[in-house]
Enquirer: 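Provided herewith is a single structure, encoded as structure tokens, for subsequent inquiry.
Start at 1 and go down the list; that is how both ligands and their atoms are numbered.
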Amino acid sequence: MSIINEFYELSNGVSIPKLGFGTWKIPGGQLAYDATKQAIDLGYRNFDTAKKYENESSIGQAIKDSRIKRKDIFISSKLPPEVMTFQEVLDEFEKSIENLKTDYIDLYLLQAPWPWNDMGNIHDRDNMEVWKAFEKLYKDKKVRAIGVANFGVLDLENVIKDSEISPMVNQIRHFVGFTQPKIMNFCVENNILMEAYSPLATGNLLTHSVIEEIANKYQVTPAQIAIRYCIQHGTLPLPKAIGKEHIEENAKVDFTILPEDMKRLEKLPDTDPDSNIVK
Ligand SMILES: NC(=O)c1ccc[n+]([C@@H]2O[C@H](COP(=O)([O-])OP(=O)(O)OC[C@H]3O[C@@H](n4cnc5c(N)ncnc54)[C@H](OP(=O)(O)O)[C@@H]3O)[C@@H](O)[C@H]2O)c1
């Protein structure tokens, strides 16, 4: 079976394709339209965007023009973390579904537990207010699943303790040599799917000598090893690519990395020392 037809199941029973298509830094307009169209033609059915990426509209148009049934495409978008009041969340959400030209979003995520200009500081009360609005969107069936991104254990505990509906997803920076086991273990224990953002370390992993060596052994590319590693780790990779060659290559991950090679990859230290660890 191809990875394109494999799914994870979220805690509420919703199926989500195991491979996603990342779209950060794909400028809105022709580039985002063409990349999305290319990805759909190559079989991708799971698209990750955000209001902040300023490309929702082009992605929505490409999805609409594809004539693939809406129910067969999984769309995630994210609320900008600067939006903190109940009504503002509902208003921002309306803008996203309008941009995406759809009636509902499959997965709606709060992009971070703090505004970008106050990174790392505690915003528990704001996050709880946002989460109440997310619960309303979920109950109103405007979203099929709700979740968060860049949340650490304390941020998640804060939301879970007072919520009716727990987050179903946490989208985190996660790749070979940077797996964030503390938050990963918490997510596994609480049945929260971890999505792996920047699975190629925004390109920095692709010339790592050990990854290259393992890629040669399996006759695949370093990108394919990095993406397959996430899937075997139980996380959902969201590789971003613009050209057809990369988009196609990243979906060809129907091989198995043997346990001894997974172990070697798991032990690689600090493949990207600049990464922020989620607490
Ligand atoms: N929630 C958050 O805060 C957050 C933060 C960061 C990212 N994300 C999500 O995660 C997605 C992916 O993360 P990312 O954009 O940081 O980067 P990434 O997927 O780790 O890496 C993308 C880079 O790798 C290159 N690339 C892709 N496939 C390749 C291949 N097969 N061979 C060689 N190079 C390849 C791309 O080049 P080309 O584009 O030229 O193909 C691009 O420069 C984002 O797009 C976004 O959806 C979320």
Enquirer: Between Asn250 and ligand 1, is there a nitrogen or oxygen pair with a distance under 3.5 Å?
Expert: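 Asn250 vs ligand 1: N/O contact under 3.5 Å present.
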Enquirer: Considering Tyr197, Phe47, Trp116, which one's heavy-atom position lies nearest to atom 9 (C) of ligand 1?
Expert: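 Answer by nearest heavy atom: Tyr197.
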Enquirer: Using every non-hydrogen atom in the two residues, find where Leu156 and Cys187 come nearest and quote the distance to one decimal.
Expert: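 Heavy atoms only, the tightest pair is CD1-SG, 4.2 Å.
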Enquirer: To check your reading of the model: name the closest protein heavy atom to atom 14 (P) of ligand 1, its residue, and the distance in Å.
Expert: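 Protein heavy atom at minimum distance: Ser198 OG, 3.6 Å.
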Enquirer: If only side-chain N and O atoms count, and only distance matters, is there a donor-acceptor pair under 3.5 Å linking Lys78 with Tyr53?
Expert: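 Yes, because at least one side-chain N or O of Tyr53 sits under 3.5 Å from a partner of the opposite role on Lys78.
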Enquirer: Check each atom of ligand 1 against the heavy atoms of Gly203 and keep those under 4.0 Å away; list them by number with element.
Expert: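 Listed by number with element: 21 (O), 23 (C), 24 (O).
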Enquirer: Which atoms of ligand 1 are found less than 4.0 Å from any heavy atom of Asn150?
Expert: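 Atoms satisfying the 4.0 Å criterion: 1 (N), 2 (C), 3 (O).
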Enquirer: Below 4.0 angstrom from a heavy atom of Tyr53, which ligand 1 atoms are there? Numbered from 1 as shown, please.
Expert: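 Heavy-atom distances to Tyr53 below 4.0 Å select 4 (C), 8 (N), 9 (C), 46 (C), 47 (O), 48 (C).
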Enquirer: Taking non-hydrogen atoms only, is Ala201 closer than 4.0 angstrom to ligand 1 via side chain, backbone, both or neither?
Expert: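 For Ala201, only backbone atoms sit under 4.0 Å from ligand 1.
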Enquirer: Could you tell me whether ligand 1 has any atom less than 4.0 Å away from a heavy atom of Arg173?
Expert: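 Not so, Arg173 does not reach ligand 1.
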Enquirer: If you have a sec, work out which protein heavy atom is nearest atom 37 (O) of ligand 1 and how many Å separate them, to one decimal?
Expert: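 Atom 37 (O) of ligand 1 sits closest to the protein heavy atom His246 ND1, 3.8 Å.
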Enquirer: Do Ser96 and Glu56 pair up side chain to side chain, a donor and an acceptor below 3.5 Å, judged on atom types alone?
Expert: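 Present: a donor and an acceptor within the cut-off.
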Enquirer: Can you tell me which portion of Ala241 lies within the under-4.0 Å heavy-atom range of ligand 1? Options are side chain, backbone, both, or neither.
Expert: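 Both the backbone and the side chain of Ala241 come within reach of ligand 1.
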Enquirer: In terms of residue, atom name and distance, what is the protein heavy atom nearest to atom 34 (N) of ligand 1?
Expert: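 Atom 34 (N) of ligand 1 sits closest to the protein heavy atom Leu206 CD1, 3.2 Å.
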Enquirer: Which ligand 1 atoms, with their elements, are less than 4.0 angstrom from a heavy-atom of Asp48?
Expert: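 It comes down to these atoms of ligand 1: 9 (C), 46 (C), 47 (O).
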Enquirer: Using a 4.5 Å cut-off on heavy atoms from C-beta on, say whether the side chain of Phe74 contacts that of Arg45.
Expert: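 Side-chain contact under 4.5 Å: no.
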Enquirer: Does a donor on one side chain and an acceptor on the other come within less than 3.5 Å for Asp261 and Tyr218?
Expert: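 Their side chains do contain a donor-acceptor pair, which is all the 3.5 Å distance test asks for.
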Enquirer: Classify the side-chain pair Ser198/Lys240 by whether it contains a donor and acceptor separated by less than 3.5 Å.
Expert: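 Short answer, no.
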Enquirer: Any idea which atoms of ligand 1 are less than 4.0 Å away from a heavy-atom of Ile242?
Expert: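 Answer for ligand 1: 38 (P), 39 (O), 41 (O).
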Enquirer: Can you find a pair of side-chain heavy atoms, one from Tyr33 and one from Asp65, that are under 4.5 Å apart?
Expert: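 In short, these two side chains touch, coming nearer than 4.5 Å.
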Enquirer: Please evaluate residues Lys132 and Glu129 with respect to the criterion salt bridge (charged side-chain N to carboxylate O under 4.0 Å, His left out), reporting the C-alpha separation (whole Å), side-chain torsions for both, the decisive distance (0.1 Å), and the verdict.
Expert: CA-CA 5 Å; Lys132 290 288 163 211; Glu129 179 156 347; over 6 Å; no
Enquirer: At a 4.0 Å threshold, what atoms of ligand 1 neighbour a non-hydrogen atom of Thr23?
Expert: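 In order of number, 45 (O), 47 (O).
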Enquirer: For atom 1 (N) of ligand 1, what's the nearest protein heavy-atom neighbour? Residue, atom name and distance, please.
Expert: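 Ranking protein heavy atoms by distance from atom 1 (N) of ligand 1, first comes Gln171 OE1, 2.9 Å.
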Enquirer: Which residue and non-hydrogen atom of the protein lie closest to atom 11 (C) of ligand 1, and at what distance in Å?
Expert: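 Residue, atom and distance for the closest contact: Leu238 O, 3.1 Å.
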Enquirer: Transitively linked via ILVMFWY side-chain contacts under 4.5 Å: Trp114 with Met84?
Expert: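 Trp114 does not cluster with Met84.
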Enquirer: Using a 4.0 Å cut-off to any heavy atom of Ala223, which atoms of ligand 1 qualify?
Expert: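 Once the distances to Ala223 are compared, the set is 30 (C), 31 (N).
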Enquirer: Please determine whether a side-chain nitrogen of the Lys or Arg among Lys263 and Glu266 lies less than 4.0 Å from a carboxylate oxygen of the Asp or Glu.
Expert: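 Salt bridge between Lys263 and Glu266, a charged N being under 4.0 Å from a carboxylate O: no.
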Enquirer: In the protein, what heavy atom is nearest to atom 27 (C) of ligand 1, and what distance, to one decimal place, separates them?
Expert: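 Checked against all protein heavy atoms, atom 27 (C) of ligand 1 sits closest to Lys240 O, 3.1 Å.
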Enquirer: Look at atom 21 (O) of ligand 1 and say which protein heavy atom is nearest, naming residue and atom and giving the distance to 0.1 Å.
Expert: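 Protein heavy atom with the smallest distance to atom 21 (O) of ligand 1: Thr202 CA, 3.4 Å.
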Enquirer: Applying a strict under-4.5 Å side-chain criterion to I, L, V, M, F, W and Y, I'd like to know whether Val14 and Met168 cluster together.
Expert: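 Yes.
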Enquirer: Quick one: look up the protein heavy atom nearest atom 45 (O) of ligand 1 and list residue, atom name and how far away it is.
Expert: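 Residue, atom and distance for the closest contact: Trp24 N, 2.8 Å.
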Enquirer: List ligand 1 atoms under 4.0 Å from Pro239, heavy atoms only on the residue side.
Expert: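 Every atom of ligand 1 under 4.0 Å from some heavy atom of Pro239: 19 (O).
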Enquirer: So do Gln38 and Ile242 actually touch side chain to side chain, heavy atoms under 4.5 Å?
Expert: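 Side-chain contact under 4.5 Å: no.
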Enquirer: Between Leu109 and Val169, does a side-chain contact (heavy atoms from CB on, under 4.5 Å) hold up when you go through it step by step?
Expert: CA-CA 8 Å; Leu109 303 171; Val169 167; 4.0 Å; yes
Enquirer: For Lys25, state whether at least one heavy atom is located under 4.0 Å from any atom of ligand 1.
Expert: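 Contact check Lys25 vs ligand 1: negative.
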Enquirer: Would you please classify the geometry between the Tyr44 ring and the Phe47 ring as parallel, tilted or perpendicular, with 30° and 60° separating the classes?
Expert: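 Phe47 and Tyr44: tilted rings.
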Enquirer: Does ligand 1 have an atom that lies less than 4.0 angstrom from a heavy atom of Phe21?
Expert: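 Phe21 does not count as a contact of ligand 1 under the 4.0 Å cut-off.
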